[in-house]
Amino acid sequence: MDATATTQLYRKRQRRRAIIAWGTLGVVAALVVLGVVFGGDDNSSDSGPTIHLFTWEMSSAQYEQLHKGEGELAVLKQLGSTGIHEDEVEQIDLLRLFPPPPSGSSCSFWKLSDAPDHLVRLCFSEGEGVLLEKAVRAPGEGGAETTLA
């Protein structure tokens, strides 16, 4: 076997090892991402809340605990869900009951888990990411009071 053939065989083996290593790394990374996205066991003894990407509910107690000036990340961590945008809300008639959002804000919506016909809107400042407004509306209400405490 000459030097050229030996070099080509060595490079082929190195390429195969690299493909196997990178492929294994890709599979492990994909599994980690799937584990983060879809969460773990809900019966775990984890002390902190997990953010669930595909839910948009909060309880009335969680709503009452929200206060003006809280940071968006802290609120999302406390709620454990990310909310949905206005164009994803199915209850169009409830959207009309909300006053115009504060200028310079972006708003997300949640439903109340213990009152599913109620819709909650949280508006955060676009620059600082601070809670500017929280409001809840229900069918039949002309304009429920917006509370910030």
Side-chain angles (χ1 to χ4, degrees), residues 10-149:
Y10 175 76
R11 287 182 180 164
K12 186 176 180 180
R13 287 181 182 162
Q14 289 298 92
R15 197 175 308 123
R16 185 181 314 137
R17 287 182 187 135
I19 290 171
I20 290 170
W22 283 109
T24 303
L25 180 65
V27 169
V28 169
L31 290 174
V32 168
V33 167
L34 287 173
V36 168
V37 168
F38 293 110
D41 183 14
D42 286 340
N43 296 328
S44 65
S45 60
D46 209 8
S47 60
T50 304
I51 293 182
H52 300 282
L53 297 178
F54 304 111
T55 62
W56 54 286
E57 288 187 351
M58 74 170 74
S59 68
S60 297
Q62 287 175 314
Y63 177 80
E64 292 299 323
Q65 292 174 356
L66 300 175
H67 302 289
K68 182 178 181 178
E70 288 185 83
E72 186 173 6
L73 292 176
V75 169
L76 295 179
K77 186 175 180 182
Q78 179 182 353
L79 296 177
S81 66
T82 57
I84 60 173
H85 295 287
E86 183 174 350
D87 57 347
E88 299 172 299
V89 175
E90 296 174 359
Q91 302 99 332
I92 305 285
D93 40 326
L94 280 179
L95 283 176
R96 294 184 190 124
L97 298 176
F98 287 99
S103 63
S105 69
S106 73
C107 303
S108 296
F109 295 85
W110 283 260
K111 61 182 175 179
L112 290 177
S113 57
D114 46 352
D117 58 335
H118 287 64
L119 188 64
V120 172
R121 181 178 78 181
L122 300 180
C123 297
F124 297 93
S125 63
E126 290 178 352
E128 299 85 32
V130 174
L131 182 61
L132 297 176
E133 176 189 80
K134 70 176 189 177
V136 62
R137 299 292 186 262
E141 293 181 357
E145 184 177 314
T146 300
T147 58
L148 281 175

For Arg17 and Gln14, what are the C-alpha separation, side-chain angles and deciding distance, and is it a side chain to side chain donor-acceptor pair (under 3.5 Å)?
-> CA-CA 5 Å; Arg17 287 182 187 135; Gln14 289 298 92; 2.6 Å; yes

What's the separation between atom [atom1] in [X] and atom [atom2] in [Y], rounded to the nearest 0.5 Å?
X	Y	atom1	atom2	answer
Gln62	Gln78	CD	CD	6.5 Å
His85	Ser106	NE2	OG	7.5 Å
Leu25	Ile20	CG	CD1	14.0 Å
Leu76	Ser81	CG	OG	7.5 Å
Leu97	Leu119	CG	CG	9.5 Å
Lys134	Leu132	NZ	CG	13.5 Å

Do the side chains of Arg137 and Pro99 get nearer than 4.5 Å, heavy atoms only?
->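 Contact flag for Pro99/Arg137 side chains = yes.
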
Side chain proximity check, Leu122 to Leu66, heavy atoms < 4.5 angstrom =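 In short, these two side chains touch, coming nearer than 4.5 Å.
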
Yes or no on side chain to side chain contact (heavy atoms under 4.5 Å, CB included) for Met58 and Leu112, after CA distance, side-chain angles and deciding distance?
-> CA-CA 5 Å; Met58 74 170 74; Leu112 290 177; 3.7 Å; yes

Distance-minimising heavy-atom pair for [X] and [Y]:
X	Y	value
Val120	Phe98	C-CZ, 4.3 Å
Trp56	Phe109	CE3-O, 3.8 Å
Ser105	Pro101	OG-CB, 4.0 Å
His67	Glu70	N-OE2, 2.5 Å

Okay, side chain of Ser59, backbone of Ser113: is any donor-acceptor separation there less than 3.5 Å?
->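 It does not hold such a pair.
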
What do you reckon, is CD of Glu126 surrounded by more than 12 foreign heavy atoms closer than 6.0 Å?
->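 It does: Glu126 CD has more than 12 such atoms within range.
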
